[in-house]
**Student:** 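Okay, here's the structure, questions in a sec.
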Amino acid sequence: LTKCKIRSMNFGLLPKTLSRLCLGFNEIENLDECNFKELKKCAPNLNELFMHHNMLKKLPDNSLNGLKSLKELGLDSNFIRVFDLSDLPQSLRKLWLSNNSISDLDFEKLHRSCPSMVLLDLSFNNITVVEADAWPSLLENFYISGNGITILDVDRIPKTLRILDIGGCDVTARVNSGSSSQAYSRL
C-alpha cells in the first residue's frame, strides 16, 4: 500500500495472517486509538510496520504496546515531535525514527521497553543529549548523525555495538558518569 495517497486507514479490514504492512509514501496525518485497537485484533502476527514518508505528528498513547509480534517499526520521515519509548513492544528489534522533529527522548524507557533492540536510527532529529541509559544491551547499530548532539554518555556502550554513526555532531563524550571527559569534534 505504498504510494497510494492514503489519508486514513481502517485496520479492521486486514487479514489475520498479515505479517508485514507497508504504508510508506502516503498522506497519513493522524491515526486514532481505534485504528490501532483494530490492528492489534486483526493482525496479531504483524512483524513489520512501515509508515515512513507520511505526515504523522504523533501516535496515540499505548498504540504500539499491544503489537506483541512486532519486530520492525519504520516511522522515519514524518513530522513526529514527541515519541514515547515506553509504548514500544518488548519484541521490537529495529526502530527507524530518522528525519522527524524529535528533541527529547527518555532513553531509560527504551532500555527497559526493548531489551532486544539491535538497530536504532534517530538520525536528523533535534536530539542534543544521549544518556548512558540509551544503550540497550544487544544494540548493534545506533545512528544519531545530523542531530545537535553535544553530550554522549559512553559508560554503558554494549560490547555488541558495531556501528555508531554520530556524523555532523560536535560531541563531548562523557566517561565514568561525567567524572572525566574527552572532547571529540566531527567523529
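For the numbers below, each heavy atom of this structure counts, side chains included, while hydrogens, waters and symmetry mates do not. Position 1 is the first residue of the sequence; numbering continues from there.
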**Student:** Asp84 vs Lys109, test: side-chain contact (heavy atoms from CB on, under 4.5 Å). Steps then yes/no.
**Tutor:** CA-CA 8 Å; Asp84 186 359; Lys109 288 180 180 179; 3.8 Å; yes

**Student:** Determine whether a donor-acceptor pair (N or O, by modelled atom type, separation under 3.5 Å) exists between the side chain of Asn147 and the backbone of Leu122.
**Tutor:** yes

**Student:** Begin from the C-alpha positions of Thr150 and Val171 and carry the test side-chain contact (heavy atoms from CB on, under 4.5 Å) through to its verdict.
**Tutor:** CA-CA 4 Å; Thr150 55; Val171 176; over 6 Å; no

**Student:** For the backbone of Ser98 and the side chain of Asp76, can you confirm whether one donor and one acceptor N or O come within less than 3.5 Å of each other?
**Tutor:** no

**Student:** Quick one: does any side-chain atom of Asn54 pair with a main-chain N or O of Leu23 as donor and acceptor, under 3.5 Å?
**Tutor:** yes

**Student:** Should Ile144 and Ser123 count as side-chain neighbours, where that means a heavy-atom distance under 4.5 Å?
**Tutor:** no

**Student:** Please report the C-alpha distance between Phe50 and Arg20 in whole Å, then the side-chain angles of each, then the deciding distance to 0.1 Å, and finally whether the side-chain contact (heavy atoms from CB on, under 4.5 Å) criterion is met.
**Tutor:** CA-CA 8 Å; Phe50 298 102; Arg20 181 173 200 217; 3.5 Å; yes

**Student:** For Leu59 versus Leu64, what's the shortest heavy-atom pair and its separation?
**Tutor:** CD1-CD1, 3.8 Å

**Student:** Do Leu56 and Phe124 share a hydrophobic cluster, counting only Ile, Leu, Val, Met, Phe, Trp and Tyr and linking them when any side-chain heavy atoms are less than 4.5 Å apart?
**Tutor:** no

**Student:** For the pair Asp87 and Asp61, evaluate side-chain contact (heavy atoms from CB on, under 4.5 Å) and give the outcome as yes or no after the intermediate values.
**Tutor:** CA-CA 7 Å; Asp87 189 26; Asp61 292 342; over 6 Å; no

**Student:** Where do Pro158 and Ser137 come nearest, in terms of heavy atoms and distance?
**Tutor:** CB-O, 3.4 Å

**Student:** Could you check whether any side-chain heavy atom of Trp96 comes within less than 4.5 Å of a side-chain heavy atom of Tyr143, counting everything from C-beta outward?
**Tutor:** no

**Student:** So how far is it from Leu120 CG to Leu110 CG, rounded to the nearest 0.5 Å?
**Tutor:** 6.0 Å

**Student:** Within the 4.5 Å heavy-atom criterion, are Ser103 and Thr128 side-chain neighbours or not?
**Tutor:** no

**Student:** Measuring from atom CD of Glu48 to atom CD of Glu72, what distance do you get when rounded to the nearest 0.5 angstrom?
**Tutor:** 4.5 Å

**Student:** Do Cys22 and His52 have side-chain heavy atoms sitting under 4.5 Å apart?
**Tutor:** yes

**Student:** CG of Asn141 to CG of Asp121: how many Å apart, nearest 0.5 Å?
**Tutor:** 9.5 Å

**Student:** Measure across Pro136 and Cys114 and return the closest heavy-atom pair with its distance rounded to 0.1 Å.
**Tutor:** CB-O, 3.9 Å

**Student:** I want to check something: taking the side chain as every heavy atom from C-beta on, are Asn45 and Leu18 in contact at a cut-off of under 4.5 Å?
**Tutor:** no

**Student:** Judged by atom type as modelled, is there a donor-acceptor pair below 3.5 Å linking the side chain of Ser91 to the main-chain atoms of Lys68?
**Tutor:** yes

**Student:** If you group Ile, Leu, Val, Met, Phe, Trp and Tyr by side-chain heavy-atom gaps below 4.5 Å, do Ile6 and Leu39 land in one group?
**Tutor:** yes

**Student:** Got Ile163 and Phe142 here, is their nearest side-chain heavy-atom distance under 4.5 Å?
**Tutor:** no

**Student:** Establish whether Phe25 and Ile28 are linked, either directly or via other cluster members, by ILVMFWY side-chain heavy-atom contacts under 4.5 Å.
**Tutor:** no

**Student:** Taking the basic N atoms (NZ, or NE/NH1/NH2) and the acidic carboxylate oxygens, is any pair closer than 4.0 Å for Glu27 and Lys5?
**Tutor:** no

**Student:** Report yes if the side chains of Asn47 and Ser69 come closer than 4.5 Å at any heavy-atom pair, otherwise no.
**Tutor:** yes

**Student:** To the nearest 0.5 Å, what is the distance between CG on Leu138 and CG on Leu161?
**Tutor:** 11.5 Å

**Student:** Where do Asn126 and Ser101 come nearest, in terms of heavy atoms and distance?
**Tutor:** ND2-O, 3.5 Å

**Student:** Are the side chains of Lys57 and Ile80 in contact, using a 4.5 Å heavy-atom criterion?
**Tutor:** no

**Student:** Nearest heavy-atom pair of Gly146 and Cys169: which atoms, and what distance?
**Tutor:** N-SG, 4.2 Å

**Student:** Is there a donor-acceptor contact under 3.5 Å from the side chain of Thr160 to the main chain of Leu139?
**Tutor:** yes

**Student:** Without swapping roles, check the side chain of Asn125 against the backbone of Ile102 for a donor-acceptor pair under 3.5 Å.
**Tutor:** yes

**Student:** Examine Ile166 and Leu119 and state if one hydrophobic cluster contains both, with Ile, Leu, Val, Met, Phe, Trp and Tyr joined whenever side-chain heavy atoms are less than 4.5 Å apart.
**Tutor:** no

**Student:** With the 4.5 Å side-chain cut-off for hydrophobic clustering, are Leu21 and Leu88 part of the same group?
**Tutor:** yes

**Student:** What are the two closest heavy atoms between Phe83 and Leu95, and how far apart are they?
**Tutor:** CE2-CD2, 4.5 Å

**Student:** Under 3.5 Å, is there a donor-acceptor pair between the side chain of Arg93 and the main chain of Ser116?
**Tutor:** yes

**Student:** Within the distance-only criterion (no hydrogens, no angle test), does the side chain of Asn100 pair as donor or acceptor with the backbone N or O of Leu75 below 3.5 angstrom?
**Tutor:** yes

